[in-house]
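So that the names make sense, note that chain A is the first sequence line, chain B the second, and so on, each numbered from 1. Computation of the quantities below employed the complete heavy-atom set of this structure, encompassing side-chain atoms and omitting hydrogens, waters and symmetry-equivalent molecules. On a predicted model such as this, the values are computed, not experimentally measured, just so you know.
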Amino acid sequence: MKRNIVVLAVLSIALAACGSESQPEANAVPNTTVTVAKAKAAKADDPTARMARAVGSGKPGAAVDIKYEFQAKPEVGKPVQLDIALIPSSGVSALDVIVAGMDGISLTGPLTQSFTDVKAGEPYKHQLTVLPQTTGVFYVTVTATTHIGSATMGRTFNIPFVVGTVLPQEKPAAPQKDATGQPVQPMPATETSSAG
Amino acid sequence: MNRANSPFSLRLSHALAALGLLALSACGGGGGDGPTGSTPTPPSQTVVISGRITFDRIPFKSTGVGLDPSQPVELPARGIIVEALSASSTLASTTTDTAGNYSLSVPASTQVKIRAKAQMTKTGTAPTWDFKVLNNTNSDALYALDGSFADSGTAASTRNLRAASGWNGTTYVDANRSAAPFAILDTAYKAQQLVLTAVPTTVFPALSLFWSSKNTSSDSFCPDTGNILTSVYFGFNAGETDDCTPKQPGVDGIYILGDFASGAGDTDEFDQHVIAHEFGHYLEDKFSRTDSIGGNHSIGDLLDLRVAFGEGWGDAFSGMALNDPVYKDSQNGIAGQTGFNLDADNGVQKGSYSEASVFQFLWDVFDDGTESGDTVSLNFTPIWNVFIGTEKTTSALTSIYSFSSALIANNEASATGIRALLNREQVFGTDAFAGGETNFAGKTTPPNTLDPLYTTITLGGSVQVCGTRDFGTNNKLGNRRFLRLDLATSRSLQITATGLATGTPAADPDIGLWGRGYIARSEAEGVTEIFNTAVLSAGTYIIEVGEFSHIDPSDVPNSSRRGDTCMTVSVSGS
């Protein structure tokens with residue numbers, strides 16, 4: 001049977017170093033104007049391809065990338081196999097994986113797995129079955145914990161997928177504003193009071 | 001009939017407010033009803049409402065891993081804005097003291113509720129600041145802890161507000177996670193206090209901290225939907241956008257995870273080291289300089305030296321701000337925990353390319369220096385002075401070399417001890433440009449060597465350097481090579497990088513130019529990259545060259561990328 005590969009993606013969280021590298025920082029050289037001579041050709045169908053993408057500096061995380069693949073298009077009531085590959089970076093000695101679903105889907109198969117004596121760049125595979133119970137946008141959450149020396153580092157990945165046709169969500173009501181015009185989100189307090 | 005609801009009392013309160021007779025107690029409240037001037041306000045017309053604002057912090061378990069929601073710790077919400085609100089206006093405003101106490105004068109016999117904003121603001125005489133916690137998935141609304149409307153009465157009264165964690169025994173109830181914004185702000189407060197120990201008159205640029213119970217890990221950055229990559233600091237430049245559809249201008253700030261996801265997600269509002277780490281990046285952006293290119297990082301990675309320093313700084317600063325060297329990050333909802341020790345050898349490869357080496361060095365400079373091999377105990381001020389001084393103006397790239405050489409220059413009495421700490425981390429370079437370095441992670445066989453980290457190039461000259469993906473791609477050691485160019489006079493340049501013609505994929509060198517910060521980049525496709533600059537003033541520049549397949553973050557298997565790639569770089573000028 002021909003495999004129907006629906007999704008193959010990398011969720012390497014690409015914190016914006018993301019190749020673009022074209023983030024213009026303040027030019028600290030006085031009286032100097034310098035421009036990029038050329039840029040990588042932008043894809044014709046992506047009007048934003050030439051736009052700069054910012055650099056973000058995120059928290060330390062597990063030294064691991066993830067790839068995944070559904071063996072068929074997820075449909076309501078039909079179990080579908082999900083293959084996950086975790087690829088550790090150098091220095092990682094062991095790898096723990098926890099997989100979880102959410103309301104509207106059920107998972108069958110091992111939800112935890114540990115790998116020891118792992119090698120950098122090698123894929124460590126985890127397989128389970130996903131059964132969508134309704135239409136919607138869903139996530140399978142994968143938490144990877146890497147052991148590096150005496151340290152442990154974790155990273156949470158979300159594997160998103162769509163089941164059926166999902167109606168666009170209604171835009172939430174605008175939040176109330178305070179006297180200065182600042183939108184405010186009130187949160188409940190536990191209040192105790194006493195008269196003077 | 002309740003007098004507070006009478007037409008008279010409403011009119012009175014409005015009139016008093018309009019006349020400014022309520023002494024809005026921005027000065028910290030307290031009374032405000034004493035006679036002042038020639039027309040004293042009758043004491044009966046205002047009353048004092050005082051109280052305490054607190055929040056529940058869920059601590060890490062004292063034994064085992066993860067957070068312990070059964071043992072919340074009630075803590076004061078310090079320095080935050082507290083307001084007394086009528087149904088239609090703000091009657092009075094103040095800020096809490098260090099114990100979370102406030103005091104407000106309000107009209108007597110008026111329906112009033114107390115609101116505590118997740119905002120710390122001080123204006124006027126330095127120090128000044130404006131830190132606030134906003135919901136990025138709800139139009140950037142400011143979180144506010146609201147009490148209930150009640151009659152202010154005719155005498156002083158007390159109203160205490162407590163922000164609960166929202167934990168119901170088995171999970172979070174998102175609508176009740178009132179403590180989160182105040183816990184986040186409390187960590188910002190601690191970080192701020194550390195900076196003020198060094199410079200008590202610091203003027204902090206405004207900082208927004210974005211948190212939502214929908215904030216989740218993702219591979220793109222669209223804060224409107226809660227997709228924030230991970231807990232992260234962004235300092236956007238003009239023209240930079242998020243990844244939403246359509247794209248929108250990026251908004252500076254610290255974005256913090258909050259999606260519990262039935263115990264499968266990652267929440268960081270109580271992970272103080274994570275928040276303080278990101279606050280460290282805010283400080284880099286606003287007070288110092290970072291040449292970091294960002295990207296994924298872990299303490300075992302062999303990183304681009306700029307990334308290693310930036311992330312090691314964030315790690316170390318978190319420990320300093322909290323006076324706790326054990327970095328902790330809850331995982332798996334709140335049930336799991338990962339981390340490392342700033343004050344211990346974590347067993348990872350050492351060098352200028354290791355964020356672990358950077359954080360251990362910085363921590364050892366900061367701490368009391370009681371362990372073997374650590375004789376340095378400078379505390380924070382000398383570190384901050386370098387951070388906002390030489391590190392900001394160095395003509396080298398920002399790295400442990402630029403930082404440590406300046407630290408030694410500023411603290412000659414501790415030079416031997418500082419040098420010993422560097423050597424313990426296998427950092428041997430003795431100046432900002434890594435002169436004398438001998439640790440290149442073993443990559444020392446010509447021509448594919450990383451020695452030296454900065455290659456000197458002269459106007460009219462050419463050199464050969466080689467990049468590698470041996471340690472990973474995108475932001476790792478050897479993905480980019482650095483060349484130092486000293487320009488004696490002002491001129492424009494043509495920089496050419498020509499890659500090896502053999503191998504697949506074809507070589508595709510790119511060029512970046514730095515001069516006390518990022519200047520520009522040339523990223524055309526092809527074996528030869530030619531970068532014509534505008535007129536550059538005399539000074540020191542860093543030319544960065546890299547093979548694109550070593551940098552490309554897209555889904556290309558490492559094995560399909562080029563191996564070590566050498567290129568000839570030349571510079572001519574006019």
Side-chain angles (χ1 to χ4, degrees), chain A residues 10-11 13-19 22 24-40 48 51-52 54-60 63 89 91 100 141 143 145 148-154 156 158 175 179 182-196, chain B residues 90 135 138-139 141-147 155-162 178 217 219 230-234 236-237 239-240 247 250 264 266 274 281 293-295 298 300 331-332 338 340 346-348 474-475 515-524 531-534 536-537 552-553 555:
Chain A
V10 175
L11 286 182
I13 304 198
L15 276 191
C18 279
S22 49
E25 302 221 3
N27 181 354
V29 183
N31 304 318
T32 302
T33 302
V34 182
T35 56
V36 176
K38 291 177 283 184
K40 299 280 186 196
T48 64
M51 298 176 75
V55 171
S57 295
K59 68 174 180 174
S89 303
T141 303
T143 303
T145 301
I148 308 167
S150 58
T152 56
M153 304 298 300
T156 302
N158 285 325
Q182 162 75 51
V184 172
Q185 178 161 334
M187 302 289 281
T190 302
E191 184 171 18
T192 56
S193 58
S194 59
Chain B
T90 303
N135 184 346
N138 186 23
S139 302
L142 174 69
Y143 286 102
L145 186 68
D146 276 6
S157 61
T158 299
R159 298 193 197 182
N160 301 318
L161 301 186
R162 180 174 180 172
S178 307
S217 302
D219 62 345
T230 183
S231 289
V232 62
Y233 173 78
F234 270 98
F236 290 92
N237 294 292
E240 294 179 337
K247 297 189 180 200
D266 189 358
V274 172
H281 289 310
I293 55 175
S298 190
Q331 306 279 332
N332 304 118
T338 59
F340 46 84
N346 288 281
V348 302
N474 194 299
N475 63 352
R516 294 180 176 168
Y518 175 78
I519 296 176
R521 187 173 303 280
S522 181
E523 298 179 301
F531 181 12
N532 293 302
T533 76
L536 303 173
S537 56
D552 180 10
D555 184 21

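- B:His281 and A:Gly58 get closest at one heavy-atom pair: NE2-O, 4.4 Å.
- Scanning all heavy atoms of the two residues, the minimum distance from A:Asn158 to B:Ser217 falls at ND2-O, 2.9 Å.
- For the atom pair OG1 (B:Thr338) and NZ (A:Lys59), the distance works out to 7.0 Å, reported to the nearest 0.5 Å.
- Using a 4.5 Å cut-off between heavy atoms, A:Ser89 contacts chain B through its side chain alone, with no backbone atom that close.
- Within the 4.5 angstrom heavy-atom criterion, atoms from both the backbone and the side chain of B:Asn160 approach chain A.
- The choice from A:Gly154, A:Ala63, A:Ala179 that makes the most heavy-atom pairs within less than 4.5 Å of chain B is A:Gly154.
- Note that CG of B:Asp266 and OG1 of A:Thr141 are 10.5 Å apart. Values are rounded to the nearest 0.5 Å.
- Checking side-chain atoms of A:Thr143 against main-chain N and O of B:Asn332 turns up no donor-acceptor pair under 3.5 Å.
- How far CG of B:Asp146 is from CD of A:Gln185: 11.0 Å, rounded to the nearest 0.5 Å.
- Contact record, B:Ser298 with A:Ile148: OG-CD1, 3.4 Å, taken as the closest heavy-atom pair.
- The residue among B:Ser139, B:Ser178, B:Gly300, B:Gly347 with the most heavy atom pairs within less than 4.5 Å of chain A is B:Ser178.
- In terms of heavy atoms, B:Ala264 sits closest to A:Thr156 at O-CG2, 4.0 Å.
- Residues A:Glu191 and B:Gly147 approach most closely at OE1-CA, 3.3 Å, considering heavy atoms.
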